[in-house]
K.L.:
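One structure follows; several queries about it will come next.
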Amino acid sequence: MSAVSSRLPVFPWDKLEPYKATAAAHPDGIVDLSVGTPVDPVPALVREALAGAANSPGYPTVWGTPALRDAIRGWLEKRLGARSVEHTHILPVVGSKELVAWLPTQLGLGAGDQVAYPRLAYPTYEVGARLCGAEPVVYDDPTELDPTRLKLLWLNSPSNPTGRVLPKDELVRIVAWAREHGVLVFSDECYLELGWDAEPVSVLHPDVCGGSFEGVVAVHSLSKRSNLAGYRAAFVAGDAEVLGELLQIRKHGGMMTAAPVQAATIAALGDDVHVHEQRERYAARRAALREALERHGFRIEHSEASLYLWATRDEGCWQTVAHLAELGILVAPGDFYGEAGERFVRVAFTATDERVEAAVKRLAP
C-alpha cells in the first residue's frame, strides 16, 4: 500500500512550533497573529438556531434542506448580485477547506491533468491537486497558461495571503478565456465580505459571468463573516451541471452538513447586523496593527481586503518571524504560500482587542 501522504508537501505549520515557543515565553504571553482563526463570540441568533435544531436524530441530506438552499439563494442574489439562481446552482459543503482539498478528486482529475492556482496562494489548492495525482501549476496571469491539459483553474479574490482583490475587468477577461478553452473556474471568495480599500466582486455577478453560470463556481464560507469556523459551514454556487455531479458523488461519500449547522447557517445568512459589527471590530484591529507595523519599519503591500496584512522588512521571512517572536508576536512566514512570499510575513488581525493592543505596544519604537 502506497502512502498517499508521500505526495503531499510537509505540513507547513509544524515548522512554526519553535518560534511559537519563543513567543509564548514573553512575560506578557504570546500574541498569536499567525493562523487567522476567529476569536470573537458566535452571534447569539446563530447559537439559538443551532440549539433549536439540536433534536435532529435523523440523517441530514447532502443537498441540505430547501430552507437552507432558499437562504443561500437569497444571500447570493442580495449580496453578490447574482441573478436567476435556482436550487440546482447551490450545494452546501462541510467547510470550504474540505471542498478545496477533495474537489480535483471528485471531479475525476488525475495523472496528466493540471490544476492551476495563484503563485501566492492558500496551500490547500496544491494539496488538492497532489491528492488526485494531477499536476499543480502556479500562475501570475492565468490567461498566459497553456490550456491543453488544464482542467481546473482556481481564482482567489480577496486573496489569502496577500489581500489582493481582482478588479471586475480582470475577472471578466479570465472567465472569458477559461470558457473559450473549456477550463472550469472555481473562485474562492471566502473573504468577499471583508473588503477594506476595495470592493470585491464575485464571478457570479452578471457583469462578470454574463448572466450565465456555465463553467464558473464560487466558493463561500461563514467562518470569517460570522465567526463560524468551528461549525464548518460553507457552500458552493454556480454551474448546475458541475454541482449536480458533485452532489451525486458526495451522496455516496456521506458528505453531509449537520442538521443543526444547516439551521445555524440559515440564521447567519439572514442577518446583516452581526456581519457589520464584526467588520467594525476587524477594521479597528487592522488599523491599529497596520500603523504599528509601519512605525516599526514594515511595508504593507496589497492587503486591501481579507483578514491579513501582507508585510515585509525586505529580509527573509523566517528572519522576520524570529524577530517578532522575540517580541512575543507570532506571524506566518510568507513562504508557506509559495516561494514568491519568501520576504514577506502574513499578519492576521483576528486576535482579541486586548492581544492586538499588546502587540501594538510591543511594536512601539
K.L.:
Would you indicate whether Glu77, at its atom CD, is surrounded by more than 12 heavy atoms from other residues, nucleotides or ligands within a distance under 6.0 Å?
P.N.:
yes
K.L.:
So Leu91 and Val217, do their side chains get closer than 4.5 Å, heavy atoms only?
P.N.:
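Contact flag for Val217/Leu91 side chains = no.
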K.L.:
Might you confirm whether atom CD of Glu315 has over 12 heavy atoms from other residues, nucleotides or ligands at distances under 6.0 Å?
P.N.:
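Yes, enclosed.
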K.L.:
Show the nearest heavy-atom pair for residues Glu193 and Val275, with the distance to one decimal.
P.N.:
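Reported closest heavy-atom pair: OE1-CG1, 4.0 Å.
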K.L.:
Do Arg173 and Thr143 have side-chain atoms, one donor and one acceptor, less than 3.5 Å apart?
P.N.:
yes
K.L.:
Is there side-chain contact between Val137 and Val115, with heavy atoms separated by less than 4.5 Å?
P.N.:
no
K.L.:
Assess Arg299 against Trp310: is NZ or CZ under 6.0 Å from the centre of the six-membered ring, and within 45 degrees of the ring's axis?
P.N.:
no
K.L.:
Take Arg355 and Asp28, measure what salt bridge (charged side-chain N to carboxylate O under 4.0 Å, His left out) needs, and give me the verdict at the end.
P.N.:
CA-CA 10 Å; Arg355 287 290 83 188; Asp28 186 39; 3.1 Å; yes
K.L.:
Are Tyr308 and Tyr191 close enough that a side-chain donor and a side-chain acceptor fall under 3.5 Å?
P.N.:
yes
K.L.:
Can you find a side-chain donor-acceptor pair between Glu86 and Thr88 that sits under 3.5 Å?
P.N.:
no
K.L.:
Does anything in residues 15-36 form a ring pair (Phe, Tyr, Trp, His ring centres under 6.0 Å)? List the pairs, not counting sequence neighbours.
P.N.:
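Only Tyr19-Trp318 qualify under ring pair (Phe, Tyr, Trp, His ring centres under 6.0 Å).
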K.L.:
Going by atom types alone, do Tyr337 and Arg346 pair a side-chain donor with an acceptor below 3.5 Å?
P.N.:
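Side chains of Tyr337 and Arg346: pair found under 3.5 Å.
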K.L.:
Are more than 12 heavy atoms, taken from residues, nucleotides or ligands other than Trp102, located less than 6.0 Å from that residue's CH2 atom?
P.N.:
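Atom CH2 in Trp102 is not packed in, count stays at 12 or less.
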K.L.:
Return each pair, listed once, that meets ring pair (Phe, Tyr, Trp, His ring centres under 6.0 Å) where at least one residue sits in residues 270-304; pairs must be two or more places apart or across chains.
P.N.:
His296-His323
K.L.:
Would Lys361 and Glu354 pass as an ion pair if we require N to O under 4.0 Å?
P.N.:
no
K.L.:
Quick check with a 6.0 Å cut-off and a 45 degree axis cone: is Arg285 positioned over the face of Phe349's six-membered ring?
P.N.:
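The answer is no; the distance or angle limit is not met.
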K.L.:
Salt-bridged, Glu291 to Arg295, with N to O below 4.0 Å?
P.N.:
yes
K.L.:
Taking Glu304 first and then Arg164, would you say they form a salt bridge - that is, a charged N and a carboxylate O separated by under 4.0 Å?
P.N.:
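Arg164 and Glu304: not salt-bridged.
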K.L.:
Does any N or O in the side chain of Ser226 come within less than 3.5 Å of the main-chain N or O of Leu228, such that one atom is a donor and the other an acceptor?
P.N.:
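No, the answer is negative, given that no donor and acceptor are paired below the 3.5 Å cut-off.
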K.L.:
Are Arg343 and Asp314 within salt-bridge range, i.e. N to O under 4.0 Å?
P.N.:
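Salt bridge absent between Arg343 and Asp314.
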K.L.:
Please determine if Arg225 and Glu277 form a salt bridge, counting it only when a charged side-chain N lies under 4.0 Å from a carboxylate O.
P.N.:
no
K.L.:
Hey, are Glu135 and Lys151 close enough for a salt bridge, meaning a charged N less than 4.0 Å from a carboxylate O?
P.N.:
no
K.L.:
So that I can tick it off, tell me whether Arg286 and Asp197 are bridged by a salt bridge, with the cut-off set at under 4.0 angstrom between side-chain N and carboxylate O.
P.N.:
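Yes.
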K.L.:
Identify the two heavy atoms, one from Leu204 and one from Gly238, that lie closest to each other, and give their separation to 0.1 Å.
P.N.:
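Shortest heavy-atom separation between Leu204 and Gly238 comes out as CD2-CA, 4.1 Å.
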K.L.:
How about Asp70 and His87: does a side-chain donor come under 3.5 Å of a side-chain acceptor?
P.N.:
yes
K.L.:
Is the shortest side-chain heavy-atom distance between Pro57 and Asn55 below 4.5 Å?
P.N.:
yes
K.L.:
Side chain of Arg130, backbone of Gly128: donor and acceptor closer than 3.5 Å?
P.N.:
no
K.L.:
Do Thr257 and Gln262 meet the criterion of a side-chain donor-acceptor pair at a distance under 3.5 Å?
P.N.:
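No, no side-chain donor-acceptor pair sits under 3.5 Å.
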